[in-house]
Amino acid sequence: SILDGHPAICSIPEQTYAFMAWRTDPDTGMIFPHRLDKLYRYLLWRRIPAKASRWCEKTPMNVRYFKQILDWYGEHVRLIHLVRDGRDVVTSRHPFKPDEYWVPYERWVNDVNAGLAFEDHPQVLTLKYEELVTDLNSSLERICGFLDIPVMPEIQDWQSQTSVRKSRHWHAPVHPLSTAPIGRWREPEHAGRIAGLMAYPGAADLLQRCGYGETG
């Protein structure tokens, strides 16, 4: 939604899952995304702004296929790996089932590790969610520099400029960034959940590696 505010970027409003399955061409041996048609369908249906020269797609599970995506698109792709404090992640409630937690421990550990395997790759930017929320301007400078596009007034005013204004994955339509969810894990109701995360193999070390060292 934020990136769509930039005039050079056209964001696909829904998760396409286009890169969740890969096949090997029996003739060439080339590995290719099996459901790329999903991506093309969104681009064909969407009104592409005249100044847009790039498309943006967000499916969280893309992080598991960074190697395949980089191999497929070569130098023409840039990947942004957004990392969030695992304690806040695993205490997020399901938007349609408020009595249930959304993300299991193993998913956070496995997905973050998958992305961090490429943190030194020149076409991958690792960005912390907390930095994006607390210092949006600096984060936008990093992102736009990484994408080799200028920081434009439109992206700084993304809430009024973006065309991605709602998603079934959000609790509410597009709204200002908030620091309220940061540190939610400290609430007493989540004590058992946090204890489970800290006991999960690799979780504590990964929190430390990502700079989330506080445990109290």
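Note: hydrogens, waters and symmetry copies are ignored here, and every other heavy atom, side chains too, is used.
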Enquirer: Decide whether E141 and S139 meet the rule of one side-chain donor and one side-chain acceptor closer than 3.5 Å.
Expert: no
Enquirer: Has the side chain of E14 got a donor or acceptor atom that lies under 3.5 Å from a matching backbone atom of Y42?
Expert: no
Enquirer: Give a yes or no answer on whether the side chain of T91 reaches the backbone of D88 with a donor-acceptor pair at less than 3.5 Å.
Expert: yes
Enquirer: Within a strict 4.5 Å, meaning less than it, do heavy atoms of the E106 and W108 side chains meet?
Expert: no
Enquirer: Do Y101 and M198 sit in one hydrophobic cluster, given that two such residues count as connected whenever their side-chain heavy atoms are within less than 4.5 Å of each other, even indirectly?
Expert: no
Enquirer: In terms of hydrophobic clustering (I, L, V, M, F, W, Y; side-chain heavy atoms under 4.5 Å; direct or indirect links), are L177 and Y129 co-clustered?
Expert: yes
Enquirer: Side-chain contact test, heavy atoms from C-beta onward, threshold under 4.5 Å: evaluate it for S11 versus R54 and give yes or no.
Expert: no
Enquirer: Is a donor on one side and an acceptor on the other found under 3.5 Å between the side chain of T162 and the backbone of V164?
Expert: yes
Enquirer: Here's one to test your reading of the geometry: is the NZ or CZ of R35 within 45 degrees of the ring axis of Y17 and under 6.0 Å from its centre?
Expert: no
Enquirer: As an exercise, state the distance from CG of L36 to CZ of R41, rounded to the nearest 0.5 Å.
Expert: 11.0 Å
Enquirer: Is the shortest side-chain N to carboxylate O distance from R46 to D4 below 4.0 Å?
Expert: yes
Enquirer: Is there a side-chain contact between N62 and E57, using heavy atoms and a 4.5 Å cut-off?
Expert: yes
Enquirer: Nearest 0.5 Å please: distance from the OH atom of Y65 over to the CD1 atom of I31.
Expert: 12.5 Å
Enquirer: Look up atom OG1 in T16 and atom CG in L39, then write down how far apart they are to the nearest 0.5 Å.
Expert: 5.5 Å
Enquirer: Is the number of heavy atoms from other residues, nucleotides or ligands under 6.0 Å of D25 CG greater than 12?
Expert: yes
Enquirer: Could you report the tightest heavy-atom contact between A114 and V63, atom names first, then the distance?
Expert: CB-O, 3.8 Å
Enquirer: I would like to know whether L70 and Q123 meet side chain to side chain contact (heavy atoms under 4.5 Å, CB included); could you show each step before the answer?
Expert: CA-CA 8 Å; L70 287 164; Q123 292 168 235; 3.8 Å; yes
Enquirer: From N137 CG over to I155 CD1, what is the distance, rounded to the nearest 0.5 angstrom?
Expert: 10.5 Å
Enquirer: Report yes if the side chains of L79 and L125 come closer than 4.5 Å at any heavy-atom pair, otherwise no.
Expert: no
Enquirer: Taking the side chain as everything from C-beta on, heavy atoms only, tell me whether T134 gets closer than 4.5 Å to I182.
Expert: yes
Enquirer: Would you say the side chain of W158 lies within less than 4.5 Å of the side chain of L3, judging by non-hydrogen atoms?
Expert: no
Enquirer: Return the NZ to NE2 distance between K166 and H175, rounded to the nearest 0.5 Å.
Expert: 15.5 Å
Enquirer: Does some side-chain heavy atom of I149 sit less than 4.5 Å from a side-chain heavy atom of I9?
Expert: yes
Enquirer: Taking D135 for the side chain and E131 for the main chain, is one N or O donor matched with an acceptor at less than 3.5 Å?
Expert: no
Enquirer: With ring centroids as reference points, do F66 and H121 lie under 6.0 angstrom apart?
Expert: no
Enquirer: Could you go through F32 and R23, starting from their C-alpha distance and side-chain angles, then the distance that decides it, and tell me whether this counts as side chain to side chain contact (heavy atoms under 4.5 Å, CB included)?
Expert: CA-CA 5 Å; F32 64 96; R23 295 182 60 188; 3.8 Å; yes
Enquirer: Does the ring of F19 carry K38 above it, NZ/CZ under 6.0 angstrom from centre and within 45° of its axis?
Expert: no
Enquirer: Is there a path of hydrophobic side-chain contacts, each under 4.5 Å between heavy atoms, that joins L127 and V77?
Expert: no
Enquirer: Keeping to residues at least two apart or across chains, list the side-chain hydrogen bond (donor to acceptor under 3.5 Å, both in side chains) pairs with something in residues 68-82.
Expert: K67-D71
Enquirer: For V90, is there any backbone N or O sitting under 3.5 Å from a side-chain donor or acceptor partner on R193?
Expert: yes
Enquirer: Quick check: is I12 connected to M61 through a chain of hydrophobic side chains (ILVMFWY, heavy atoms under 4.5 Å apart)?
Expert: yes
Enquirer: Would you call R184 and E130 a salt bridge, using N to O less than 4.0 angstrom?
Expert: no
Enquirer: When you look at S167 and K58, which way does the side chain to side chain contact (heavy atoms under 4.5 Å, CB included) test go after all the steps?
Expert: CA-CA 12 Å; S167 169; K58 180 195 76 71; over 6 Å; no
Enquirer: Salt bridge check: are E119 and R209 linked by an N-O gap of less than 4.0 Å?
Expert: yes
Enquirer: Between H6 and C144, which heavy-atom pair has the shortest distance, and what is it?
Expert: CD2-SG, 4.2 Å
Enquirer: Is N113 reaching over with its side chain to a backbone N or O of V109, donor-acceptor style, under 3.5 angstrom?
Expert: yes
Enquirer: Check whether L206 and W185 end up in the same hydrophobic cluster, where Ile, Leu, Val, Met, Phe, Trp and Tyr are linked by side-chain heavy atoms less than 4.5 Å apart.
Expert: yes
Enquirer: Is there a side-chain contact between V112 and L116 (heavy atoms, below 4.5 Å)?
Expert: yes
Enquirer: Give a yes or no answer on whether the side chain of R165 reaches the backbone of Q159 with a donor-acceptor pair at less than 3.5 Å.
Expert: yes
